[in-house]
Amino acid sequence: METLQAVRGMNDILPDQVGWWQRVERTAREVLENFGYREIRTPVVEKLDLFSRGIGENTDVVEKEMYAFEDRSGDWIALRPEVTASIARSYIQHKLYADPTLQKFYAIGPMFRHERPQKGRYRQFHQIDAEVFGIDSPMIDAEIMHMLRIFLEKVGISGVTLHINTLGCPECRKVYREVLKRYLTDKGDEFCPDCMRRRETNPLRVFDCKVERCQAFLDGAPALIEYICNDCRTHFDAVMEMLDKLGTPYVVDPKIVRGLDYYMRTTFEVVTDRLGSQNAVGGGGRYNGLVQDLGGPEVPGIGFAIGMERLIMLLQQEQQAAVQAPDAFIAAVGEHARTGAFLLLQQMRAHGLEVEMEFESRSLKSQMRRADKLGPRFVFILGEDEINRGEIQLRDMQEKTQQVLPLDTAALTLSQMIGKNSPEPVCSEPGQCGCAAQGGSGTVSQE
RNA sequence: GUGGGUGUAGCUCAACUGGUUAGAGCACUGGGUUGUGGCCCCAGAGGUUGGCGGUUCGAGCCCGCUCACUCACCCCA
């Protein structure tokens, strides 16, 4: 195939899909800012070091899954695989820890990983990310999960579950890790080859093995919750207590282990059973060591990221796409009338109206057909007779009625009928005002 | 990186065991009304069957390679 094509795993988001993205982004900004988060925009490219230090040099992530390049000056750079490290870097670089008004950040944008694409998993993907620095209280752990839930509700997602867990702190996890490793080793060859390897490299990962046989042997495994220190226990209990008080439902799930070392204490994921193998829509956790690891002061942190592709796939399963129809269409018959229509079109746009017309010389019938396809409520018809008399026909496509109007006030008349009279769209609540421009039905299927 | 599945019109799909000009629905264009949409009717346009090679009298169909898409594994930020 000779035709030009996007790079593997990188997708175009076509106009008929973009409405979903805009809606999700709009809702995210609304909710996050309501909770006091402020947007931060960091570069899509960072020095490779940032991620290898932040994530760990010898992980698969850094070794083979990162989109890394040597640039022309010989520096190793990488397309960001996540944005937490970038935000932490920026936070340190600009000494934002000295500004008590800036502790909560959010970022929305593309991330990259060099992996074989699969459902809900692409080489360029998009995340909504939130991070809090400098707050160690379990209240913020609970609040951030609560906020995540509010966001999902507002955007219209149903059928997802919040899973939470605690990983303990580096000290108590170290103890547990050894206990678990011993347990797994004692079981000998009973586990799948992957798990036999995992028990050496990252024993906690065995917990989310998909092989049923492995899961069966895990029933009797020691639980981390029994080994964590008092401080971690107290923290986790407080998080759950606050979630209860906030009325945000959750299930404690020891399988939420996260892959990276810098996570500690609270971890969480929002999961669904409707996306095939990639079942996490979003997730996050506490990472008290990260800022310090990157050369900053000892500042605790917690955050989460939402995968936008997956979120939108879920939305599409339950909701109708919003269709965007223009406010009106102008059909013109004859050369002279077409020029008049063109001027009227621009006049209408100056009123903030979205109007289309046919530029080619086509039969009125074909113009009416096209108008019908585009779906506006109103169609103006301008022929030689009308333009000579200074008039125009206005057809209401729904009511199938037609009237004659003065041409010079046609734009004003339309804007009054539509209820738009400024370039700013009046309608900020899709579906609430009956405005045809934003057709989000807002319906959520009950299941 | 590994394994499975799939590639036919813009889209969704046909084409009996290999057999002549590769079809249909939707979409598109024009017409049925010298100026009026949806429904209906008529006509038209649109394909190197992903690509290259092989087997064969003959390949959309069989074989090899390749590319792309897709699902899953590893990993998961």
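Here is the naming used below: chain letters follow the sequence lines, and residue numbers restart at 1 for every chain.
Residue-to-nucleotide contacts include no donor-acceptor pair under 3.5 Å from the side chain of A/R369 to the base of B/C28. Looking at A/Q5, its side chain has no donor and acceptor atom pair within 3.5 Å of the base of B/G50. A/R116 contributes no side-chain N or O that forms a donor-acceptor pair with the base of B/C73 under 3.5 Å.
Base pairing annotation: B/C16 forms no Watson-Crick or G-U wobble pair, as no partner gives both donor-acceptor distances under 3.5 Å. Of all nucleotides present, only B/U6 satisfies the Watson-Crick or G-U wobble test against B/A68, with each distance under 3.5 Å. Pair assignment for B/G60: none, as no Watson-Crick or G-U wobble contacts are both less than 3.5 Å. Under the Watson-Crick and G-U wobble criteria, each requiring two contacts below 3.5 Å, nucleotide B/G47 is left unpaired.
Nucleic acid contact for A/Q402: base, since at least one base atom lies under 4.0 Å from a heavy atom of the residue. Within the nucleic acid shown, A/G276 comes within 4.0 Å of sugar-phosphate atoms alone, with no base atom in reach, counting heavy atoms only.
Side-chain atoms of A/R149 and A/T248 form a donor-acceptor pair, as typed in the model, at a separation below 3.5 Å. Side chains of A/D136 and A/H235: a donor-acceptor N/O pair is absent below 3.5 angstrom, by distance only.
With both ends at atom P, the span from B/G35 to B/C40 equals 25 Å, rounded to whole Å.
Taking the side chain of A/R8 as heavy atoms from C-beta on, and the options B/C28, B/C69, B/C73, the nearest nucleotide is B/C69.
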